[in-house]
Amino acid sequence: MEKQTLRTRLEHIYALGDVAAITLANGKPLPKAGVFAHAEALAVARTLSAELRGTDGARDFDGEGYCWVELGGGQAAFASGDFYAEPDPVVQLRSPGRLWHLGKVLFERYWMGEGLERAVASLGLALGSKVLGVSAAL
Ligand SMILES: Cc1cc2nc3c(=O)[nH]c(=O)nc-3n(C[C@H](O)[C@H](O)[C@H](O)COP(=O)(O)OP(=O)(O)OC[C@H]3O[C@@H](n4cnc5c(N)ncnc54)[C@H](O)[C@@H]3O)c2cc1C
């Protein structure tokens, strides 16, 4: 399969999420993670939509991802990076702190919550990622 478009060798068939085996430039596999499954799904959805409409707008998956590392005691670290960088992924690990833990709580509330709770979590994440200078696109 093509790692940017997520096209398989079968016409109009894409692979994403845990079922997709993507080999990085260094020969290692892209980790199986929800954040990648989500970004891959958005890219494939846009590409399929463009295909069906016969318009431009196909979107590639760029290999960008992030995750929190919970340490307990209200502390978490945050890792983010470009997994398609060559020759190796470029990943930045932020020192643990309470703010990162708060980000993880908001992320959880975004996915698990509904209505106002979800909207507030989304706003908090957008604001936090701007202030802290990290890419944590939803
Ligand atoms: C313990 C654990 C902790 C994790 N922590 C993190 C984390 O902190 N951050 C992170 O980014 N990722 C994490 N992951 C990884 C993340 O959960 C997966 O990468 C992600 O859920 C993959 O999404 P997916 O849609 O490809 O597959 P799934 O989420 O597994 O969804 C597949 C769906 O298909 C359904 N299904 C299966 N077979 C059939 C069938 N024959 N017919 C119909 N439906 C079917 C399943 O029931 C399931 O609902 C964790 C995984 C585990 C197990």
Side-chain angles (χ1 to χ4, degrees):
M1 64 176 287
E2 294 173 4
K3 65 182 187 175
Q4 272 88 14
T5 63
L6 307 171
R7 283 196 166 91
T8 66
R9 61 192 162 80
L10 303 174
E11 200 182 359
H12 303 306
I13 303 292
Y14 297 78
L16 60 94
D18 282 5
V19 81
I22 298 177
T23 305
L24 302 178
N26 62 7
K28 295 185 176 154
L30 180 74
K32 309 280 186 189
V35 71
F36 292 130
H38 178 209
E40 290 164 1
L42 286 178
V44 169
R46 296 244 161 85
T47 300
L48 281 176
S49 165
E51 248 182 48
L52 290 169
R53 292 164 191 254
T55 58
D56 288 340
R59 167 90 76 89
D60 281 351
F61 168 60
D62 60 9
E64 298 271 341
Y66 58 88
C67 75
W68 285 265
V69 184
E70 280 290 351
L71 300 170
Q75 304 264 337
F78 183 80
S80 61
D82 176 3
F83 284 75
Y84 279 2
E86 297 184 12
D88 291 301
V90 175
V91 177
Q92 195 181 7
L93 181 63
R94 309 292 179 115
S95 300
R98 287 191 182 277
L99 265 183
W100 297 119
H101 172 70
L102 178 64
K104 176 69 189 273
V105 172
L106 288 175
F107 190 69
E108 186 185 292
R109 290 297 94 210
Y110 172 78
W111 284 108
M112 308 296 283
E114 288 176 16
L116 185 63
E117 182 184 28
R118 193 164 202 243
V120 169
S122 171
L123 202 66
L125 280 168
L127 201 68
S129 65
K130 260 211 166 100
V131 170
L132 297 168
V134 296
S135 160
L138 290 171

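When a ligand or atom number is given, it counts from 1 through the structure's own listing order.
Residue F36 comes nearest to E64 through the heavy atom pair CE2-O, 3.6 Å, listed as atom of the first residue, atom of the second, then distance. Closest approach of A37 and L16 over heavy atoms only: O-CD1, 4.1 Å.
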(Q) Using salt bridge (charged side-chain N to carboxylate O under 4.0 Å, His left out), reason through R7 and E51 one step at a time and then give a plain yes or no. (A) CA-CA 12 Å; R7 283 196 166 91; E51 248 182 48; 3.4 Å; yes

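In this structure, the protein non-hydrogen atom closest to atom 13 (C) of ligand 1 is G34 N, 4.1 Å. In terms of protein heavy atoms, atom 23 (O) of ligand 1 is closest to A37 CB, 3.7 Å. Protein heavy atom nearest atom 22 (C) of ligand 1, with residue, atom name and distance: D18 OD1, 3.2 Å. Of the protein's non-hydrogen atoms, K104 NZ, 4.6 Å is the one closest to atom 8 (O) of ligand 1.
In this structure, atom 51 (C) of ligand 1 has its sub-4.0 angstrom surroundings free of protein heavy atoms. Atom 18 (C) of ligand 1 is approached by the protein to below 4.0 angstrom, counting heavy atoms only. Protein heavy atoms all stay at least 4.0 Å away from atom 31 (O) of ligand 1. Not a single protein heavy atom sits closer than 4.0 Å to atom 41 (N) of ligand 1.
Not a single N or O atom of V19, backbone or side chain, sits closer than 3.5 Å to an N or O atom of ligand 1. Some N or O of V35 is nearer than 3.5 Å to an N or O of ligand 1, by distance alone.
Relative orientation of the W68 and F107 rings is tilted, given thresholds of 30° and 60° on the angle between their planes.
A cation-pi arrangement is absent between K3 and F61, since the terminal nitrogen or guanidinium carbon is not both under 6.0 Å from the aromatic centre and inside a 45° cone about the axis.
Within ligand 1, counting atoms from 1 as listed, the ones closer than 4.0 Å to a heavy atom of G17 are 26 (O). Short contacts between ligand 1 and K32, defined as distances under 4.0 Å to a heavy atom of the residue, involve ligand atoms 15 (C), 19 (O).
R118 and S122 share no donor-acceptor pair across their side chains, judged by distance under 3.5 Å alone.
Checking each of R94, E70, Q75 against W100 for a side chain to side chain contact (heavy atoms under 4.5 Å, CB included) leaves exactly one that passes, namely R94.
Criterion: ILVMFWY side-chain heavy atoms under 4.5 Å apart, direct or through other members. Under it, L123 and L99 are not part of a common hydrophobic cluster.
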